[in-house]
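The structure appears below as structure tokens.
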Amino acid sequence: MTKLSVLAAGLVFTGCASAHTIFQKLYVNGVDQGELTGIRAPDYDGPITDVTSNDIICNGGINPYHQPVSNAVISVPAGATVTAEWHHTLNQTANDPADPIDPGHKGPILSYLAKIPDATQSTVTGLQWFKIYEDGLTVSDGTWAVDRLVANKGKVSFQIPSCIASGQYLLRHEIIALHAASSYPGAQFYMECAQLNIVGGSGAKSPATVSFPGAYHGTDPGIKVDIYYPPLTNYTIPGPAVFSC
Ligand SMILES: *[C@@H]1O[C@H](CO)[C@@H](O)[C@H](O)[C@H]1NC(C)=O
Ligand SMILES: *[C@@H]1O[C@H](CO)[C@@H](O)[C@H](O)[C@H]1NC(C)=O
């Protein structure tokens, strides 16, 4: 693409202000746990843009949660494959070109876990998070995690580590859309938290953790970034390294 067409593409994508998304269903080893079951999801599908806000933890502040919030806790065997499903809105209609998300909302997809005394408790400040999954830019063909999500009709799968302690956790699952991220604030953070009870974990390892807010900064190369020009030759996914057993 020429510089002009790249800029024009950027303008077009930046114009799509309302094509947002919500993580609203979880599958455990392929088994559908039900719409909004065990997930704290807002009715409004707009992003968080302030990485210092408590809304960056589990949403639900400026975008209040759909009521009543599910009090289900999803049982997940350690080592299981879970699949998160995203849609444009909670009231998804057929043939929506912006479902699961506007295809212009390019960026990475990330998942974190935090141990919590009670997965249904409303307080989510002060938790210690570790990253269990990330997918960013495939430089060789220019495709993003969001492109793969769109191709997969809103589904993204990843593994729950087998070596962590059993118990109650929150799963923080996130898309960062970078179409307007050339200045900060600009990157759009979409996240919801799912309430898990992880069973059968060996507890052999204790992951290093980070805080939300705190793990992200407006100056991070993966948060303040022009994804259109010049073409990216690398992309640094925000947050810590992925924990592995
Ligand atoms: C969307 O669906 C939720 C229930 O899932 C409902 O409470 C809400 O009113 C609906 N919103 C619209 C705009 O229909
Ligand atoms: C690409 O890598 C360089 C060198 O490590 C780094 O300075 C830069 O921030 C990276 N760019 C992105 C968008 O992550």
Side-chain angles (χ1 to χ4, degrees), residues 21-43 54-61 63-87 90 109-135 154-175 189-215 239-245:
T21 192
I22 298 173
F23 158 43
Q24 52 195 266
K25 189 189 274 197
L26 193 74
Y27 301 74
V28 180
N29 286 329
V31 178
D32 183 348
Q33 302 297 303
E35 176 74 9
L36 288 186
T37 302
I39 300 176
R40 307 169 182 206
D43 281 302
N54 282 342
D55 289 1
I56 202 81
I57 309 171
C58 285
N59 212 324
N63 305 327
Y65 291 138
H66 178 72
Q67 296 296 325
V69 174
S70 174
N71 59 13
V73 179
I74 303 169
S75 181
V76 182
T81 297
V82 296
T83 304
E85 185 169 332
W86 295 80
H87 288 292
L90 287 189
I109 300 180
L110 314 84
S111 302
Y112 296 82
L113 288 173
K115 222 166 182 313
I116 188 166
D118 174 352
T120 65
Q121 72 185 53
S122 54
T123 302
V124 295
T125 50
L127 300 177
Q128 296 299 307
W129 297 90
F130 55 99
K131 190 190 275 176
I132 59 167
Y133 174 80
E134 64 181 17
D135 181 19
K155 291 184 181 176
V156 53
S157 294
F158 48 93
Q159 208 186 7
I160 302 296
S162 57
C163 63
I164 56 174
S166 296
Q168 308 255 308
Y169 286 82
L170 289 182
L171 166 68
R172 178 183 179 280
H173 183 57
E174 176 179 45
I175 292 174
F189 299 80
Y190 297 92
M191 84 296 299
E192 277 74 38
C193 289
Q195 304 164 174
L196 307 187
N197 184 38
I198 296 179
V199 296
S202 74
K205 284 206 178 174
S206 298
T209 58
V210 296
S211 299
F212 283 104
V242 173
F243 168 74
S244 61
C245 287

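In this chain, numbering begins with 1 at the start of the sequence shown.
Of the residues listed (Val156, Val242, Leu110, Val82), the one engaging Tyr133 in a side-chain contact (heavy atoms from CB on, under 4.5 Å) is Val156, and it is the only one. When the options Glu192, Gln24, His173 are evaluated for a side chain to side chain donor-acceptor pair (under 3.5 Å) with Trp86, the one that passes is His173.
Two residues are said to be in side-chain contact when any heavy atoms from C-beta on lie closer than 4.5 Å; Leu26 and Leu196 meet this criterion. Residues Leu171 and Ser111 have side chains in contact (heavy-atom distance under 4.5 Å, counting atoms from C-beta outward). For the pair Ile175/Phe23, no side-chain contact is recorded, criterion being any heavy-atom separation below 4.5 Å from C-beta on. Residues Ser122 and Val69 fail the side-chain proximity criterion, which asks for heavy atoms closer than 4.5 Å. Side-chain contact between Pro240 and Trp129 is absent, with no heavy atoms from C-beta onward closer than 4.5 Å. When side chains are defined from C-beta on, Cys58 counts as touching Leu170, because their heavy atoms get closer than 4.5 Å.
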side-chain contact (heavy atoms from CB on, under 4.5 Å) evaluation trace for Ile164 with Tyr169: CA-CA 11 Å; Ile164 56 174; Tyr169 286 82; 3.9 Å; yes
side-chain contact (heavy atoms from CB on, under 4.5 Å) evaluation trace for Thr125 with Asn54: CA-CA 7 Å; Thr125 50; Asn54 282 342; 3.6 Å; yes
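Pairing each heavy atom of Cys163 with each of Ser202, the nearest pair is CA-OG, 3.1 Å. Closest approach of Ser166 to Val199, counting heavy atoms only: OG-C, 3.8 Å. In terms of heavy atoms, Val28 sits closest to Pro77 at CG1-CD, 3.9 Å. In this structure, Leu90 and Pro42 approach most closely via the heavy-atom pair CD1-O, 3.6 Å. Taking each heavy atom of Leu36 and His66 in turn, the nearest pair found is CD1-CD2, 3.8 Å. Closest heavy-atom contact between Gly201 and Ala78: CA-CB, 3.5 Å.
A search for side chain to side chain donor-acceptor pair (under 3.5 Å) contacts involving Ser157 returns Thr83, not counting sequence neighbours. In terms of the side chain to side chain donor-acceptor pair (under 3.5 Å) criterion, Thr37 has no residue partners (sequence neighbours excluded).
The line from CG of Asn29 to CD of Gln159 is 9.0 Å long, rounded to the nearest 0.5 Å. Between atom CD1 of residue Ile132 and atom CZ of residue Phe158 there is a gap of 5.0 Å, rounded to the nearest 0.5 Å. Considering OG of Ser211 and CG of Leu127, their distance stands at 9.0 Å, rounded to 0.5 Å. Distance CG/Asn197 to CD1/Ile116: 12.5 Å, rounded to 0.5 Å. For the atom pair CD of Gln33 and CD of Gln195, the computed distance is 12.5 Å after rounding to the nearest 0.5 Å. Summarising the geometry, atom CE belonging to Met191 is positioned 8.5 Å from atom CZ belonging to Phe212; distances are rounded to the nearest 0.5 Å.
In this pair, Phe130 and Phe243 present their aromatic rings perpendicular. The plane angle is above 60°, beyond the 30 to 60° band.
Counting only residues at least two apart or on different chains, the salt bridge (charged side-chain N to carboxylate O under 4.0 Å, His left out) pairs with a member in residues 27-41 are Lys25-Asp32.
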